[in-house]
Amino acid sequence: MRLILGSASPRRKELLAQIGLVPDDIRAPDIDEDPAKGELPRPYCARMAREKALAVPCGADEVVLCADTTVALGRRILGKPADAGEAAAFLWALSGRRHRVITAVAVRQGDRLWERVVETVVKVKPLSDVEVNGYLASGEWQGKAGGYGIQGHFGALIPWIQGSFTGVVGLPVAETAVLLQAAGISIFGENA
Ligand SMILES: Cc1cn([C@H]2C[C@H](O)[C@@H](COP(=O)(O)OP(=O)(O)OP(=O)(O)O)O2)c(=O)[nH]c1=O
């Protein structure tokens, strides 16, 4: 069985490598990522991962892995900021509070689909002007849900999480391993 990573995210490729998997091909999904009116973060995130998995073309001997990471502040979805101004607004909204990072994983082989949603609670310390402006200047906020990356400088501002660190970064490796094994991809050399 060939493994296809349906993601343009370099983080997801690295997290797969962490569990010893190198995709045979990478095919970036192209879907409309706008939330529906009134759509809540968790169902939105699950829908995004599923739609990505359905949008990536694959053959009968191929397993496609897609994921979506969504930052949720209560019922509000914080997507990837369009510019530094929006990133600043997100960071101030997250300052001194807990929020959820939801990552949905979808694995497809033929017309079979395996799905998992993993939620992590993340606490951000009360931020100062210097911290927010310094972080914005780093540019690390670009292309990241909620406008931050826990795996970079922003990690200095996160004293506590409950859940899956790899899920926050974009691919919860334990849950992903279970889905991939169900679809016939071996991780520890076991017979699929
Ligand atoms: C919260 C958080 C998000 N992120 C990233 C992970 C995802 O790449 C991104 C959320 O956007 P996604 O839409 O999940 O993924 P993507 O557009 O980067 O890639 P693709 O759809 O092709 O798979 O935010 C971090 O790297 N660190 C973090 O701490």
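Atoms within a ligand are numbered from 1 in the order they appear, just like the ligands themselves.
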Out of all atoms in ligand 1, which are within 4.0 Å of some heavy atom of [X]? Include the element for each.
X	result
K80	11 (O), 12 (P), 13 (O), 16 (P), 17 (O)
S7	19 (O), 20 (P), 22 (O), 23 (O)
K144	24 (O), 25 (C), 26 (O)
G149	27 (N), 28 (C), 29 (O)
Q151	25 (C), 26 (O), 27 (N), 28 (C), 29 (O)

Among protein heavy atoms, which sits nearest to [atom], and what does the distance come to when rounded to 0.1 Å?
atom	value
atom 18 (O) of ligand 1	S9 CB, 3.8 Å
atom 19 (O) of ligand 1	R12 NH1, 3.5 Å
atom 6 (C) of ligand 1	V169 O, 3.3 Å
atom 3 (C) of ligand 1	V168 O, 3.6 Å
atom 9 (C) of ligand 1	G143 O, 3.7 Å
atom 22 (O) of ligand 1	A8 N, 2.7 Å
atom 21 (O) of ligand 1	K52 NZ, 2.7 Å

Open item on the list: Working note: Y148 + H99, criterion ring-ring contact (aromatic ring centres under 6.0 Å, His included); need CA distance, chi angles, decisive distance, verdict.
Closed with: CA-CA 13 Å; Y148 74 85; H99 63 274; 5.6 Å; yes
Task: Other residues, nucleotides, ligands: >12 heavy atoms within 6.0 Å of K123 NZ - done: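 Correct, the count exceeds 12.
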Between ligand 1 and [X], can you find any atom pair, the residue atom being a heavy atom, that is separated by under 4.0 Å?
X	answer
E33	yes
G146	no
P29	yes

TODO: Take R11 and T166 through the test side chain to side chain donor-acceptor pair (under 3.5 Å) and record every step on the way to the result.
DONE: CA-CA 10 Å; R11 271 88 53 178; T166 53; over 6 Å; no
Would you say [X] and ligand 1 have an N/O pair spaced under 3.5 Å apart?
X	result
A145	yes
R11	yes
I150	yes

Open item on the list: I'd like to know whether R97 forms a side-chain contact (heavy atoms from CB on, under 4.5 Å) with L73, so could you lay out the CA-CA distance, the side-chain angles of the two residues, the decisive distance to 0.1 Å, and finally the verdict.
Closed with: CA-CA 9 Å; R97 302 180 61 182; L73 193 56; 3.9 Å; yes
Task: Residues E140, K144: salt bridge by 4.0 Å N-O rule - done: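 Looking at K144 together with E140, the answer is no, because their closest N to O distance does not fall below 4.0 Å.
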Task: Salt bridge present between R27 and E62 (N-O < 4.0 angstrom) - done: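 So R27 pairs with E62 through a salt bridge.
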Mark yes or no for whether [X], through its side chain, and [Y], through its backbone, hold a donor-acceptor pair below 3.5 Å.
X	Y	value
R100	V122	no
K52	I31	no
R108	W114	no
S7	S9	yes

- [ ] Answer with yes or no whether the hydrophobic clustering places L3 together with F188; edges join I, L, V, M, F, W, Y residues whose side-chain heavy atoms lie under 4.5 Å apart.
- [x]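 Result: yes, single cluster for both.
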- [ ] Specify side chain, backbone, both or neither for F154, according to which of its non-hydrogen atoms lie closer than 4.0 Å to ligand 1.
- [x]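 Near ligand 1, F154 shows nothing, with every heavy atom at 4.0 Å or more.
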TODO: Begin from the C-alpha positions of S164 and T120 and carry the test side chain to side chain donor-acceptor pair (under 3.5 Å) through to its verdict.
DONE: CA-CA 6 Å; S164 165; T120 299; 4.9 Å; no
